[in-house]
Amino acid sequence: ADMDSSETQQPGELTMVMSDLYGGTEGEEVQVLRSQGALDKFFININKTRKPGLNPPVIDFNENMVIVYCSGQTNNQSLPALWLTEDPEQGMVVQKKQKNEAKDEESTAIVRPFGLYIMPLTEKEIKLQSNPR
């Protein structure tokens, strides 16, 4: 049998393709995009409020899918690193690791950042890990 190693892929850091301080959602959320059409639709939405608009990156959706992470309305301008872990109970879980940036960079401007990350294609459901209280 052909052992396909992609099935047992170790969880790892997702690759950020692009990010921007504006265009994300008001609340924190993760969107999973599995086609160029879905990606284009996401950008049409972002570009409603932008001049000039952003161009969607070109992604090979035969191999990859896109996770869009929006950190919500915030004055923190850095996006966390995202890691994918597999949880037997919950399926695929996206975890955040906030980079510890120097606090003096904190700006008072309210931004709605989003990051576009790619990961290998999977049919599994993907959830954002809820913050431990």
Just verifying a value: how many Å separate I59 CD1 and L121 CG, rounded to the nearest 0.5 Å? 12.0 Å

How many angstroms lie between atom CZ of R112 and atom OG of S71, to the nearest 0.5 angstrom? 11.0 Å

For G23 and I46, the nearest pair of non-hydrogen atoms, with its separation, is O-CG1, 3.7 Å

Quick check with a 6.0 Å cut-off and a 45 degree axis cone: is K97 positioned over the face of W83's six-membered ring? yes

Under the ring-ring contact (aromatic ring centres under 6.0 Å, His included) rule, what pairs show up with a residue in residues 36-56, not counting sequence neighbours? F42-F114

Using 0.5 Å steps for rounding, measure from the OG1 atom of T122 to the CG atom of N64. 12.0 Å

Should V94 and I126 be marked as a side chain to side chain contact (heavy atoms under 4.5 Å, CB included) after you check the CA-CA gap, both sets of side-chain angles, and the distance that decides it? CA-CA 7 Å; V94 172; I126 292 174; 3.6 Å; yes

Under 4.0 Å between a side-chain nitrogen and a carboxylate oxygen: does that hold for K96 and E28? yes

Here the pair of heavy atoms bringing S19 nearest to G115 is CB-CA, 4.0 Å

Of the non-hydrogen atoms in M65 and L33, which two are nearest, and what is the gap between them? CB-O, 3.6 Å

First locate atom CG of L128, then atom CD of Q31, and finally report the distance between them rounded to the nearest 0.5 Å. 12.0 Å

V32 and I44: same hydrophobic cluster, using ILVMFWY side-chain contacts below 4.5 Å? no

Test side chain to side chain contact (heavy atoms under 4.5 Å, CB included) applied to L21 and Q77, step by step: CA-CA 7 Å; L21 291 176; Q77 308 213 344; 3.4 Å; yes

List the steps and the verdict of side chain to side chain contact (heavy atoms under 4.5 Å, CB included) for Y117 and L79. CA-CA 11 Å; Y117 303 78; L79 283 161; 4.0 Å; yes

Identified side chain to side chain contact (heavy atoms under 4.5 Å, CB included) counterpart of I67 within the set L84, V17, L14: L14

Given M119 and T15, is the side chain to side chain contact (heavy atoms under 4.5 Å, CB included) satisfied, shown in steps? CA-CA 7 Å; M119 60 170 281; T15 307; over 6 Å; no

Is M18 linked to V68 within one hydrophobic cluster, defined over Ile, Leu, Val, Met, Phe, Trp and Tyr using a side-chain heavy-atom separation of less than 4.5 Å? yes

What one should report as the nearest heavy-atom pair of V58 and Q36 is CA-OE1, 4.4 Å

Indicate yes or no: does K127 engage D87 in a salt bridge with an N to O separation below 4.0 Å. no

Could you identify which residues cluster with I110, counting Ile, Leu, Val, Met, Phe, Trp and Tyr as linked when any side-chain heavy atoms lie under 4.5 Å apart, either directly or through a chain of such contacts? none

Taking atom CG of L116 and atom CE of M16, what is their separation to the nearest 0.5 Å? 9.0 Å

Which atom pair, heavy atoms only, marks the closest approach of P113 to G72? CD-O, 3.5 Å

Do L82 and V93 land in one hydrophobic cluster if side-chain heavy atoms of ILVMFWY residues count as linked below 4.5 Å? no

Restricting to non-hydrogen atoms, name the atom on C70 and the atom on T25 that form the minimum distance, rounded to 0.1 Å. CB-OG1, 3.2 Å

Atom CD in Q129, atom CD in Q95: separation rounded to 0.5 Å? 4.0 Å

